[in-house]
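Heads up: the structure comes next, in structure tokens.
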Number of protein chains: 4
Amino acid sequence: MKKVDAKDKLLEAAERCLMEKGSHAASVKAIAAMADVNHGLVHHYFGSKEGLFIELAKEHLKITTPLKTVATENEVIDFLEETVFFYSRMMVELRALSYQMPELNNVLINILKERRKNLQEILNIDDEQAVILISSVAGLAFQAGLDTSMKLKDALRKVFNLIN
Amino acid sequence: MKKVDAKDKLLEAAERCLMEKGSHAASVKAIAAMADVNHGLVHHYFGSKEGLFIELAKEHLKITTPLKTVATENEVIDFLEETVFFYSRMMVELRALSYQMPELNNVLINILKERRKNLQEILNIDDEQAVILISSVAGLAFQAGLDTSMKLKDALRKVFNLIN
Amino acid sequence: MKKVDAKDKLLEAAERCLMEKGSHAASVKAIAAMADVNHGLVHHYFGSKEGLFIELAKEHLKITTPLKTVATENEVIDFLEETVFFYSRMMVELRALSYQMPELNNVLINILKERRKNLQEILNIDDEQAVILISSVAGLAFQAGLDTSMKLKDALRKVFNLIN
Amino acid sequence: MKKVDAKDKLLEAAERCLMEKGSHAASVKAIAAMADVNHGLVHHYFGSKEGLFIELAKEHLKITTPLKTVATENEVIDFLEETVFFYSRMMVELRALSYQMPELNNVLINILKERRKNLQEILNIDDEQAVILISSVAGLAFQAGLDTSMKLKDALRKVFNLIN
DNA sequence: AATGAATGAGGTTTCATTCAT
DNA sequence: TATGAATGAAACCTCATTCAT
């Protein structure tokens, strides 16, 4: 029933490429190859490389928004690990690209604000707490990428308890 | 009295280039131009682009290590802002490059460990606290790069108080 | 009728460049310029400079294989002059490149073996004779490149008669 | 008693570099490194890279000239293998360089003629025989470089007997 | 919607050479 | 005699983008 077309395949490949190989390896041809799609379609569908990443950023914001408020501590920790963590990793990669892509830069700024507001509602915390929480998780995500021995879940739990 | 030679100029320019324009704009030619130095000297002094960034990373670790333990809360906040913040911003850029530079990657991993140990001693905290603190500051640094309205100092103070 | 596309033009130019200017002058840009084709197409079609020369080597082996056994002495001499001679000159240039191109090196080794077998069949001689014949012609080709006064055809005739 | 100075070390290294790595790898810096000598000395002593190879070519001609006529067949074969063979290998490398070095090219042409005359005297053969012999040995040398399984000595013996 | 040839700018790196010391 | 910093051209290659089909 669900037909996966080239556009979706490109978005999915762009995400994987960023996460697995980093922003420097995420060339149009590399993404198209990973998506098993002709590279010309990137411009056909998104106008430019920047257009692809803008759509990815927006798409990503959407799909990582939980539908309901999380409640128990364990649910919160899982949410932080699965969603915020992943989101932060991608944010770092998109940010690296955004230095050369002014429009993407604006999109990222807006997404960041929305995410913070979103986090406040979900976790029922104030803005300053949200800033710190989101930052901490982003920082942990970044460090975990370098130090594979890090006990991420424990750190996340600690951070959350500190803030709450 | 102190003669600034091409090697130092290149290291300094590499740092500025990374911080001001991001890893994607930090090309050998751009760095050499910023240093007002012939681009061939990058290979003359460092062997490769990777060599330059490895030396930058090591140099950076060295110069950001404080000589004595910081004492008052304000000293701590200043230290976090001036040193850890800056260090984190650069770490993000070097990390982006390290995906394509295996040796730099190893250097970064070691620096991360040393920094954590170093932070423990300076601030008299345990390892888990150091992980969280360094991550939080790194995350805040990253966010502050996107959201210029963020009150960084307040956030840093809050983070430090939470952990202590 | 026959459309000569960029790929063929590049192969033809690579051959001419090698033969007329030598391996050191056969740069990607020089070949592309001689082919009157954008230099990026070398990588588009062949992946690398090495890829271009590998295809040239294989192509060359193919087109210099005679379809039938040569018979009279004059036919043999002509064959030696036109085919083996030219083949040897190119082999010297490709060999110079192959020191830096491991895959090309393997291709050349295989081509050499095939050529020897091929020569045995065409001229109805044994393997040792083929080695000597092919070597002598190659050597003569090389010397003729330096000494333009050499009477190549006479020398070839002498060599062939010696071996037969 | 015999002091090996930088000049001799450079000549020796240039020869080794050519033979072991090929003309494309024989850069001024590579040769100087192999000689364990500062690269500036190449220009100091020889004026240019070309100057170094010209002196090497002349030097080489000199030292490979036997002082007396060889007599027995085995002596001849040894002479062909040790001297002509080695000389041919180097000639191929110098020839590759000579495309870009007009003066070296002239030197090589003269050396070739002298060698042929020299070979006539040593082996007591006529000019045409000398051409063929020298060519065959050069060709065999070249092929032996690619095909390590070749029985060089047997082939040399055969060639010599054919000509005689 | 899809393909892949083509382009030109710019990436890292190597190189011969010059020159001040 | 010897050193190594410095230069600029040119090497191979990658890339985003355009466009005819």
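Only heavy atoms go into these numbers, but all of them, side chains included; no hydrogens, no water, no symmetry mates. Just so it is clear: chains get the letters A, B, ... in the order the sequence lines come, proteins before strands, and each one is counted from 1. Because the structure is predicted, anything quoted here is derived from the model rather than measured.
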field: More than 12 heavy atoms from other groups under 6.0 Å of CD on C:Glu103
entry: no
- prompt: Where does DNA chain F form stems of at least three consecutive Watson-Crick or G-U wobble pairs, each pair having both distances below 3.5 Å?
  reply: E:2-21 with F:2-21
task: Take the protein atom NZ of B:Lys29 and the nucleotide atom C1' of E:dG10, then report the distance between them rounded to whole Å.
output: 7 Å
- request: Name the nucleic acid region contacted by A:Tyr45, choosing base, sugar-phosphate or nothing; use a 4.0 angstrom heavy-atom cut-off, strictly under.
  value: sugar-phosphate
field: d(CG, A:Leu41; P, F:dT17) in whole Å
entry: 15 Å
query: Only one of A:Asp5, A:Ile31, A:Val28 forms a side chain to side chain contact (heavy atoms under 4.5 Å, CB included) with A:Leu10, so which one is it?
result: A:Ile31
message: Nearest whole Å is fine: how far is E:dT17 C1' from D:Glu50 CD?
response: 14 Å
message: Please verify the inter-ring angle class for C:Tyr87 with C:His60; under 30° counts as parallel, over 60° as perpendicular, anything in between as tilted.
response: parallel
- prompt: Starting at the 5' end of DNA chain F, which residue's closest nucleotide do you reach first, B:Gly40 or C:His39?
  reply: B:Gly40
- prompt: Given atom CD1 of A:Ile31 and atom P of F:dT17, what is their separation to the nearest angstrom?
  reply: 11 Å
statement: Rounded to whole Å, the CG-P distance (D:Asp36 to F:dT1) equals 18 Å
message: Below 30° counts as parallel, above 60° as perpendicular, anything between as tilted: where do the rings of B:His24 and A:His24 land?
response: parallel
message: Whole angstroms only, please: what is the NE2-P distance between B:His44 and E:dT18?
response: 17 Å
message: Less than 4.5 Å apart, side chain to side chain, heavy atoms only: is that true for A:Met90 and A:Leu94?
response: yes
query: For the atom pair CG (B:Leu112) and CD1 (B:Ile109), what is the distance rounded to the nearest 0.5 Å?
result: 8.5 Å
- prompt: Looking only at side-chain N and O atoms, does B:His43 come under 4.0 Å of OP1 or OP2 in E:dT13?
  reply: yes
task: Take the protein atom CD of C:Gln100 and the nucleotide atom C1' of F:dC12, then report the distance between them rounded to whole Å.
output: 13 Å
field: Protein-nucleotide distance (C:Asn38, atom CG; F:dT18, atom P), rounded to Å
entry: 16 Å
- prompt: Does the ring of D:Tyr99 carry D:Arg95 above it, NZ/CZ under 6.0 angstrom from centre and within 45° of its axis?
  reply: yes
First of D:Val28 and B:Ser27 reached from the 5' end of DNA chain E, by closest nucleotide: B:Ser27
